[in-house]
Amino acid sequence: MIKSLKALFPFVIVIAFLLTGCQASPEKGVVISKRDSANIGRNENSQILSDENQNSDTVKHIQSSRSLCTTDGTIDILFNLDEDINYALLPIYTVMPHYITAGEAKEVANLLFPDGTFFEARPYLNRVLSKEEIQNRIARWSQYTNKDALQNLYGRAEDKDIESINEFIQSLTIQMENAESGQVAVPCKWDFQKSILYDYTADQVDSRTLEKENDEIRSEVVVGDLQYEFSTTTRDQSDFKLNNIFAYLNFGLSPMDIDNRIFTAELCRTEKPTEQQLRTVRETAKKLIDLLPFGQWEIDECTTQLSIYGDKEEYKVCVRAVPSFEGVAALRCQQLRNLKSTDVYASTYYLSDISMEFSVDGQLLDFKLFSPIDIGEISTEHIMIPVEELLDQAATFLALRSAPESDLQVIHGEICVNNIEYGLVRTKVPESDDSYYYVPAIVLKGKSSFYVEDTKELYSESDDNAVLLCLNATNGTVIDLWQSVSYTHLTLPTT
C-alpha cells in the first residue's frame, strides 16, 4: 500500500515460500544438472571447500547435493549447489530513513529532466486546461476513433472503447468554449504540502484528515511533446515512514489512458535492443544514479522488457539499483507489501530501491526511488557462522514447511535449491521504528513446484530463481522476506 501515489508498479509475488514433501515424484521432475544426477537417492552433507585457484581465503567453494523431505512428508527437497562465493566478514550497518528535503526534490527533478519546464500539479480529476491543451488532446484522440487505428495502438478494438473516446472528445469540446488561451498552469513552488490538497481544496478536506496525510511535492513536467508527473513524498509518523520519488509519463485524465499509450508506442516500437544499446542505457542510468544526493547505489539489474500489442512489439530497458555500503551492494529482496504490520522484519519503511525504465534510444520513461537511507553505526564485532552450518540450518528450516492444503485433493511439492548468494540484507532493529540493520546473510534461491498427487497435474510453481530462504549469517535466524509470521523469530538450538 503506497500512500497517495497514482503510479503503482506491480510487485511480483514469489510464492516459493510455501514449499515441502517426500513421496514419489510426479512426471515433471526437479530440474537438476548432470553432475548431481547420481546423488539424488542419498543424503549428503554439504561440502565447503577452499578454492585452491583463488587468491583469497574468503572465497569458498560450495558443493551440496543432499536430498531430504519435510517432516510432514509433503515436500521433497533437493540441494543442487556447486559454486563459489566470497564469504568475507561484512560489517553490520545501522541505517536510518533519510528524509527528503524540498531542495533535494528540486535537485533530482532537474537531474532527471534538465530540459524540463516544471509547473505546480493541477488536480488530476478536475484539471483546468488551456484552449491549446484541449485542442491538442482532441487532435490526438480523434485519430483513434476508428477500429483500425485503435487495434494498431492497443492490439484490440471494441465499440465501447471508441464510444468512450468520443465521449471524452465531446466533453473537451464543451470545455473549450470557456477555456483560456495561453499557459494556465503556474510554476512549481517546490514546497511540501499535504498530498490530498493536490486533489481537493482545503475547505473540502477535514482538518483531522490532513494530519494523517503524507507531505508531497507534485509537479507537471513538460519536455518537448512529452509530459511527466514528478512527485516527492515524505512521511514521518508513528505508523509508518515514507521517502519516495516517482516520475512517469502522465498527460492527465484520458480515455483508456490513451495519451500515455500513444507516446509509449511512439517511443518503444523499435527493434530489440542490441548489447551496445543496453550498455549505453546502463551507462546513462549510472550517471544519473551517481549524481543523486542519497548516498551510494549499485546497479544490479539491466534487462529488456518486451510488451506485445496485437502484432506490435514494444521494447523497454529496465535498470534497477540497490544501496551500496563501502563498495558492497545489498542483495535484492522483494519489496514490502505492508508497512503497518508489527510482525514483519522491517515493516515501517519500504526497502531502499531504484528502478528506471528507458526507451531503447535512452529516453527516460519511468523513475522510482524508494527509501533513501543515512548510515549510522558500523560494527565488525560479530562472528560469522560457517557456511556449512548455515546450510544445515537451512535444511532444517525448509523441512518445517508444508505443501498447500486442499479439501478436494492431496498436494505434493518439490523444492530445488540451486543458487546461493551472500551479501547484506535489511532487517529491523528490535524495538525501534526508526532504524534498521543491514546484516551479512545468505539467500538460497531455486524453484518450487506443487502437484496434485493423483493426477500429477501442476498446482503452482515459482520462478526458476525464486528466493526460498534467507538466513542471518551472524546468528542463524531466518530473515522473513515474505512478511509472514512463520519462521521470523526461529533460531535453531545450539549444541
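The first residue in the sequence is number 1, and the count goes up from there. The structure displayed is predicted, hence computed values, not measured ones.
- For the pair Tyr198/Pro123, no side-chain contact is recorded, criterion being any heavy-atom separation below 4.5 Å from C-beta on.
- Side-chain N/O atoms of Asp259 and Trp141 include a donor and acceptor closer than 3.5 Å.
- In this structure, Gln193 contributes its side chain and Ile217 its backbone to no donor-acceptor pair below 3.5 Å.
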Point to revise | Derivation and outcome, salt bridge (Lys or Arg N to Asp or Glu O under 4.0 Å), residues Lys131 and Glu180 | key: CA-CA 6 Å; Lys131 183 168 292 186; Glu180 298 180 9; over 6 Å; no
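- The closest side-chain heavy-atom distance from Ile354 to Phe367 is below 4.5 Å.
- Under the 6.0 Å cut-off for aromatic ring centres, Phe246 and Phe230 do not qualify, their centroids lying 6.0 Å or more apart.
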Exercise for review: Just do the salt bridge (Lys or Arg N to Asp or Glu O under 4.0 Å) check on Asp463 and Lys447 with the steps written out, would you?
Suggested key: CA-CA 6 Å; Asp463 294 334; Lys447 183 168 185 175; over 6 Å; no
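- Between the side chains of Tyr315 and Glu313, at least one donor N or O lies within less than 3.5 Å of an accepting N or O.
- In this structure, the side chains of Arg401 and Leu469 come closer than 4.5 Å at one or more pairs of heavy atoms.
- The distance from the CZ atom of Arg426 to the OG atom of Ser352 is 6.0 Å, given to the nearest 0.5 Å.
- Atom CD1 of residue Ile299 and atom OG of residue Ser324 lie 11.5 Å apart, to the nearest 0.5 angstrom.
- A salt bridge is defined here as a Lys NZ or Arg NE, NH1 or NH2 lying under 4.0 Å from an Asp or Glu carboxylate O, and Lys445 with Glu421 meets this definition.
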Review point. Where do Ser142 and Thr145 land on the side-chain hydrogen bond (donor to acceptor under 3.5 Å, both in side chains) test, with the steps shown first?
Key: CA-CA 6 Å; Ser142 295; Thr145 54; 5.9 Å; no
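- Lys212 and Asp239 are not joined by a salt bridge, as no carboxylate oxygen comes within less than 4.0 angstrom of a charged side-chain nitrogen.
- Shortest non-hydrogen contact noted between Arg235 and Tyr99 is O-CE2, 3.4 Å.
- Between Leu424 and Leu331 there is no side-chain heavy-atom pair separated by less than 4.5 Å.
- Residues Tyr93 and Glu326 bring a donor and an acceptor atom of their side chains to less than 3.5 Å of each other.
- For the residue pair Tyr309 / Glu314, no side-chain donor-acceptor distance below 3.5 Å is found, with atom types taken as modelled.
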Practice item. Run the numbers on Tyr350 and Phe370 for ring-ring contact (aromatic ring centres under 6.0 Å, His included), then give the verdict. Key: CA-CA 6 Å; Tyr350 285 117; Phe370 285 91; 5.4 Å; yes
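- Counting heavy atoms from C-beta outward, Pro273 and Val281 have side chains that stay 4.5 Å or more apart.
- In this structure, the ring of Phe251 has its center less than 6.0 angstrom from the ring center of Phe263.
- Residues Tyr437 and Ser379 bring no donor and acceptor atom of their side chains to less than 3.5 Å of each other.
- The two residues Asp353 and Ala321 have their closest heavy-atom pair at OD1-O, 3.5 Å.
- The backbone N or O of Glu167 lies less than 3.5 Å from no partner atom in the side chain of Ser171, so there is not a single donor-acceptor pair.
- Atoms CD and OG, on Gln175 and Ser130 in that order, are 11.5 Å from each other to the nearest 0.5 Å.
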Please list every donor-acceptor pair under 3.5 Å in which a side-chain atom of residues 147-164 meets a protein atom from a residue at least two apart or in another chain.
residue: Lys147; atom: NZ; partner: Asp159; partner atom: OD1; Å: 3.0
residue: Gln151; atom: NE2; partner: Gly155; partner atom: O; Å: 3.0
residue: Tyr154; atom: OH; partner: Met256; partner atom: O; Å: 2.8
residue: Arg156; atom: NH1; partner: Asp161; partner atom: OD2; Å: 2.7

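- Taking all atoms of both residues into account, the shortest heavy-atom contact from Phe119 to Gln183 is CZ-NE2, 3.5 Å.
- Here the OG-CG distance, from Ser435 to Asp374, works out to 12.0 Å after rounding to the nearest 0.5 Å.
- Taking the salt bridge (charged side-chain N to carboxylate O under 4.0 Å, His left out) definition, one finds that Glu220 meets it with Arg122, Arg127, sequence neighbours left out.
- Of all heavy-atom pairs spanning Ala102 and Phe192, the tightest one is N-CE1, 3.4 Å.
- Salt-bridge formation is detected for the pair Arg218/Asp199: a Lys NZ or Arg NE/NH1/NH2 atom is positioned less than 4.0 Å from an Asp or Glu carboxylate oxygen.
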Review point. Stepwise, does the side-chain hydrogen bond (donor to acceptor under 3.5 Å, both in side chains) test hold for Glu216 with Ser195?
Key: CA-CA 5 Å; Glu216 183 176 357; Ser195 294; 2.7 Å; yes
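- For Gln276, the CD atom counts as densely surrounded, since its 6.0 Å shell holds more than 12 non-hydrogen atoms of other residues, nucleotides or ligands.
- A donor-acceptor contact shorter than 3.5 Å links the side chain of Tyr422 to the backbone of Ala88.
- In summary, the side chains of Asn243 and Thr234 do present a donor paired with an acceptor at a separation below 3.5 Å, with no hydrogens or angles considered.
- For Gln363, the CD atom is densely surrounded, since the number of other residues' heavy atoms within 6.0 Å is greater than 12.
- Salt-bridge formation is not detected for the pair Asp300/Arg320: no Lys NZ or Arg NE/NH1/NH2 atom is positioned less than 4.0 Å from an Asp or Glu carboxylate oxygen.
- Within the 4.5 Å cutoff, no side-chain heavy atoms of Leu471 are placed close to those of Ile479.
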**Study point:** Working for side-chain contact (heavy atoms from CB on, under 4.5 Å), residues Val417 and Asn80
**Key:** CA-CA 6 Å; Val417 182; Asn80 185 30; over 6 Å; no
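- Salt bridge Asp366/Lys316: absent, no basic N to carboxylate O contact under 4.0 Å.
- Residues Thr233 and Ile100 form no side-chain contact, since every pair of their non-hydrogen atoms from C-beta on lies 4.5 Å or further apart.
- Looking at Ser219, its side chain never comes within 3.5 Å of a backbone N or O of Val221 through a donor-acceptor pair.
- Aromatic pair Phe325/Tyr438: ring centres closer than 6.0 Å.
- Glu357 places no side-chain N or O within 3.5 Å of a backbone atom of Leu365 that could act as its donor or acceptor partner.
- Note that the CG atom of Asp290 and the CG atom of Leu111 stand 10.0 Å from one another [nearest 0.5 Å].
- The two atoms that bring Phe118 and Ala109 nearest to each other are CZ-O, 3.5 Å, heavy atoms only.
- Taking all atoms of both residues into account, the shortest heavy-atom contact from Pro91 to Ile378 is CB-CG2, 3.7 Å.
- A donor atom on one side chain and an acceptor atom on the other are not found under 3.5 Å apart for Tyr349 and Asp434.
- When atom types are taken as modelled, the side chain of Glu120 and the backbone of Lys189 share a donor-acceptor pair closer than 3.5 angstrom.
- In this structure a side-chain-to-backbone donor-acceptor pair under 3.5 Å is present from Gln237 to Glu211.
- Put simply, CG on Leu172 and OG on Ser254 are 10.0 Å apart, with the number rounded to the nearest 0.5 Å.
- Heavy atoms from other residues, nucleotides or ligands lying under 6.0 Å from NZ of Lys194 number more than 12.
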